Undergrad: 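Below is one structure. I have some questions about it.
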Amino acid sequence: MREKKRIVVVEDEPDIAEIVREYLERDGFSVEVAGTVTGALDALQRGTPDALLLDITLPDGSGLDVLRAAALPEARVPTIMLTARADEADRIIGLELGADDYVTKPFSPREVLARVRSLLRRTGETAAATAGKPTRKTRIAELEIDHDFHELSIAGKTASLTATEFKILALLAENPGEVFTRSHLLDRLGDDGAIYERTLDRHINNLRKKIEKDPRNPEYVLTVYGTGYKMRRS
Ligand code: CA
């Protein structure tokens, strides 16, 4: 049997910490909760976890301090920040410090679980690619997305996407039904430095022209008015 993946949850609000713990444990993860910066650093000292869920506002300091320690190249920990809406500046610093993702409070534990799975898939991918494991694919209706070879086929026919279009599609498809705001999409895609808010909609339009039967009435990449985009569920 495979060893359980260990996740450290740093969160000082006991109700939030416990419900996140419950969801992750139910999904087969081993969970350790810390409520302070000191506690978090202790937990990291005991061994590098497979993932870190990190609240930013902690009683004895900032989660960013934990991130500074956890993001050291020699001890890189896949990290999702748990942030309040008002923490935008911290969130940006956190992403710059190497956090992989964030969820904004109030969040549903289901969303956190989905993000953790997605993060572990992504971090596992690098290892899998070198180990020659089978390729990972997502299927949504007629779309088949091959994440390892960056290929898309529609009803069995290969479609040609730009790198950015593929990234947008893959990100949405890995989290079907989940709404991505424009700024969240940009955060997740922006590491290329080539995507700006004004061009994001254009990439989405181009993507739709390639994957939708009727790009003006999309069936896959749906607009959530005033918010952003989401992929249909199945
Ligand atoms: Ca807090």
Side-chain angles (χ1 to χ4, degrees), residues 4-123 171 174-175 177-188 190-191 224 227-228:
K4 281 187 176 182
K5 292 214 188 281
R6 173 171 170 258
I7 298 185
V8 170
V9 176
V10 182
E11 171 59 69
D12 62 318
E13 288 164 69
D15 291 351
I16 298 179
E18 281 316 305
I19 194 161
V20 170
R21 178 209 287 277
E22 195 185 309
Y23 261 75
L24 291 172
E25 285 183 347
R26 208 188 294 162
D27 206 54
F29 293 104
S30 148
V31 178
E32 193 171 338
V33 172
T36 58
V37 170
T38 314
L41 294 176
D42 284 349
L44 292 177
Q45 287 262 298
R46 282 193 287 277
T48 305
D50 294 287
L52 175 67
L53 298 187
L54 184 61
D55 182 22
I56 298 298
T57 316
L58 294 164
D60 60 341
S62 166
L64 295 176
D65 297 333
V66 179
L67 199 52
R68 284 188 186 97
L72 293 172
E74 65 272 24
R76 175 87 184 83
V77 184
T79 301
I80 299 173
M81 294 179 283
L82 310 174
T83 67
R85 218 162 273 284
D87 288 343
E88 198 188 348
D90 286 343
R91 200 151 61 217
I92 291 165
I93 296 170
L95 291 167
E96 281 170 0
L97 286 172
D100 300 273
D101 201 357
Y102 64 86
V103 286
T104 307
K105 296 176 183 178
F107 49 71
S108 75
R110 199 184 297 272
E111 182 188 1
V112 173
L113 177 59
R115 292 290 176 81
V116 168
R117 282 187 186 152
S118 163
L119 176 62
L120 291 176
R121 268 203 308 271
R122 290 201 305 278
T123 51
L171 182 60
E174 279 187 312
N175 304 279
E178 188 182 316
V179 179
F180 284 80
T181 63
R182 283 190 176 74
S183 61
H184 192 185
L185 271 175
L186 287 165
D187 280 345
R188 294 285 298 272
D191 53 351
V224 183
T227 309

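The structure presented is a predicted model; accordingly, all values stated were derived computationally and were not measured. For ligands, and for the atoms within them, numbers begin at 1 and follow the listed sequence.
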Undergrad: Are any non-hydrogen side-chain atoms of L24 and L53 less than 4.5 angstrom apart?
TA: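 Counting from C-beta outward, L24 and L53 do come under 4.5 Å.
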Undergrad: Take I16 and F107 through the test side-chain contact (heavy atoms from CB on, under 4.5 Å) and record every step on the way to the result.
TA: CA-CA 9 Å; I16 298 179; F107 49 71; 3.6 Å; yes
Undergrad: Given side chains that start at C-beta, do those of I56 and S62 come closer than 4.5 Å, heavy atoms only?
TA: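 Heavy-atom side-chain distance check passes, below 4.5 Å.
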Undergrad: Determine, stepwise, if the pair R117 / D27 fulfils salt bridge (Lys or Arg N to Asp or Glu O under 4.0 Å).
TA: CA-CA 10 Å; R117 282 187 186 152; D27 206 54; 2.6 Å; yes
Undergrad: Is K105 paired with D87 through a side-chain N to carboxylate O contact shorter than 4.0 Å?
TA: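 No, no charged N to carboxylate O under 4.0 Å.
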Undergrad: Please determine whether the number of non-hydrogen atoms from other residues, nucleotides or ligands lying under 6.0 Å from atom CZ of R46 exceeds 12.
TA: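 Counting other residues, nucleotides and ligands, CZ of R46 exceeds 12 neighbours.
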Undergrad: Taking 3.0 Å as the distance threshold, tell me the number of protein N/O/S atoms next to the Ca ion (ligand 1).
TA: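 For the Ca ion (ligand 1), the figure is 3.
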